[in-house]
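Quick notes on the structure that follows.
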Amino acid sequence: MSDAYQPQAAHKFSFGLWTISNRGRDPFGEPVRDPLPPNDAVAMLGELGAWGVNLHDNDLVPIDATATERDTIVREFKAAMRDHGVVCPMATVSLFTDPIFKDGAFTANDPQVRAYAIQKTMSAMDLGAELGASTFVLWGGREGTETDACRRPDDAVKRLRDAVNYLCEYNIAQGYQYRFAMEAKPNEPRGDIYMATTGNYLGFIPTLDHPEMVGVNPEVAHETMAGLNFTHAVAQAWDAGKLFHIDLNDQNPGRYDQDFRFGAANPRAAFFLVKFLEDVGYDGPRHFDAHAYRTEDYEGVKAFARGCMRTYLILKEKAARWNADPEIQAIVKAAHGDNAPVGRFSADAARELANRTFDRKTIAARGLAYEQLDQLTTEIILGVR
Ligand code: GLT
Ligand code: MN
Ligand code: MN
């Protein structure tokens with residue numbers, strides 16, 4: 001294995017506790033792997049060269065733990081993080097596992113459920129802050145419906161806004177300095193989830209009291225489930241200054257949420273994603289929200305985690321090769337044009353534009369050489385260029 005693909009802390013690769021500790025349970029089958037205690041998961045991540053571990057409150061602290069139990073667990077977990085050189089960049093909250101959330105959490109009809117969801121999130125924020133997390137992810141897995149008879153969907157939007165506003169105030173009051181990252185998904189576990197895509201959140205965030213505190217956490221699998229181009233969603237989030245976090249994995253369209261190893265399903269899409277992140281200089285965590293196939297034991301889990309990081313680094317190298325390829329760059333230069341705007345509007349400029357003549361047929365007749373560009377890209381990805 002070449003050293004060039006050895007993960008380093010500077011690469012900011014992180015995994016959720018729920019990812020490498022995933023036991024392979026699915027709706028039709030029992031777990032296939034024994035539980036992996038959180039401190040052992042941290043040891044495994046350290047051994048693999050990962051930089052960070054992320055967690056839901058209840059990945060670490062059981063929902064019914066007493067305050068004393070919680071403190072012991074947290075103390076030992078911090079020691080494990082220190083011992084294995086692993087940091088905790090992101091924390092989140094499970095607002096989907098417990099039966100109380102069967103009708104949603106922040107958007108549930110019962111005000112007691114909504115209040116409990118906020119209380120639970122505040123304690124998860126306390127936990128994350130204690131572990132050093134600076135990003136707080138909110139994935140509204142249960143915020144959705146099977147039947148729209150249950151509530152008006154705009155009431156759900158209002159309730160979600162109230163909850164996020166509350167949590168932003170808590171963030172300020174506690175001095176935590178979290179950045180919230182909202183994660184969209186079109187469906188699963190609900191029939192339909194309200195904030196179905198990253199674009200939905202980009203529309204929602206400006207309606208908050210503290211929009212500057214809130215961004216997005218797009219996930220490859222989730223946009224792909226919706227049939228969308230993930231890199232386009234990421235690019236729009238980046239353009240809006242809202243790419244606070246990212247969930248890398250892979251997914252075939254038209255399937256259940258597969259959460260495959262990064263690059264496992266569509267290495268070509270993964271290439272364009274990595275190229276985008278590296279080209280723009282995204283410097284946040286590269287978080288793998290994926291899990292090993294159900295066929296695997298813990299050796300397979302390690303192969304899975306190594307594979308996520310290694311594929312990212314291979315694609316990063318290929319992106320650099322693409323950028324340095326003279327033939328590719330010549331086509332890009334000839335075909336891409338530039339970002340120069342049409343110009344600022346003024347009455348004079350508009351009159352000039354209205355009177356300009358365009359050689360429409362000549363412009364339209366020009367070939368753009370994208371076939372050649374794409375083939376060269378394919379050859380880079382396939383390793384022959
Ligand atoms: C859950 C979900 C993920 C979210 C996690 C954060 S939990 O595994 O499938 O996409 O990112 O809540
Ligand atoms: Mn997923
Ligand atoms: Mn995710």
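Index from 1, following the sequence. The shown structure was predicted, so the numbers you read here are calculated from the model rather than taken from an experiment. When a ligand or atom number is given, it counts from 1 through the structure's own listing order.
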Problem - Per-atom contacts, ligand 1 versus H222 - under 4.0 Å to a heavy atom - result: 10 (O)

Exercise for the section: Provide the number and element of each atom of ligand 1 under 4.0 Å from a heavy atom of E183. Expected result: 3 (C), 4 (C), 10 (O), 11 (O)

Exercise for the section: Just to the nearest 10 degrees, tell me the angle at the Mn ion (ligand 2) spanned by H222 NE2 and D257 OD1. Expected result: 100°

Could you verify whether a donor N or O on one side chain and an acceptor N or O on the other, from [X] and [Y], lie under 3.5 Å apart?
X: E169; Y: H210; answer: yes
X: W322; Y: T377; answer: yes
X: N217; Y: K242; answer: no
X: N58; Y: S94; answer: no
X: E223; Y: N229; answer: no
X: N22; Y: R294; answer: no

Among all protein non-hydrogen atoms, which one is nearest to [atom], and what is the separation to 0.1 Å?
atom: atom 9 (O) of ligand 1; value: D257 OD2, 3.9 Å
atom: atom 3 (C) of ligand 1; value: D289 OD2, 2.9 Å
atom: atom 1 (C) of ligand 1; value: W139 CZ3, 3.7 Å

Practice task
Return yes when at least one N/O/S atom of D247 is nearer than 2.8 Å to the Mn ion (ligand 2), and no when none is.
Solution key: no

Problem - Presence of N, O or S from D289 under 2.8 Å of the Mn ion (ligand 2) - result: no

Practice task
Could you pull out the atom name of the N/O/S atom in D259 that is nearest the Mn ion (ligand 2)?
Solution key: OD1

Practice task
Find, among atoms of E219 that are N, O or S, the one nearest to the Mn ion (ligand 2), and state its name.
Solution key: OE2

Is there a polar contact between ligand 1 and [X], counting only N or O atoms under 3.5 Å apart?
X: D259; result: no
X: K185; result: no
X: D247; result: yes
X: H56; result: yes

Exercise for the section: Could you tell me which N, O or S atom of E183 is nearest to the Mn ion (ligand 3)? Expected result: OE2

Handout entry: Heavy atoms from other residues, nucleotides or ligands near CD of E296 exceed 12 (cutoff 6.0 Å)
Key = yes

Practice task
Over 60° means perpendicular and under 30° means parallel, so classify the ring planes of Y116 and F101, tilted if in between.
Solution key: parallel

Exercise for the section: Could you label the plane-to-plane angle of the F288 and F13 rings as parallel, tilted or perpendicular, counting under 30° as parallel and over 60° as perpendicular? Expected result: tilted

Practice task
Indicate yes or no: at least one non-hydrogen side-chain atom of T198 is less than 4.5 angstrom from one of V234.
Solution key: no

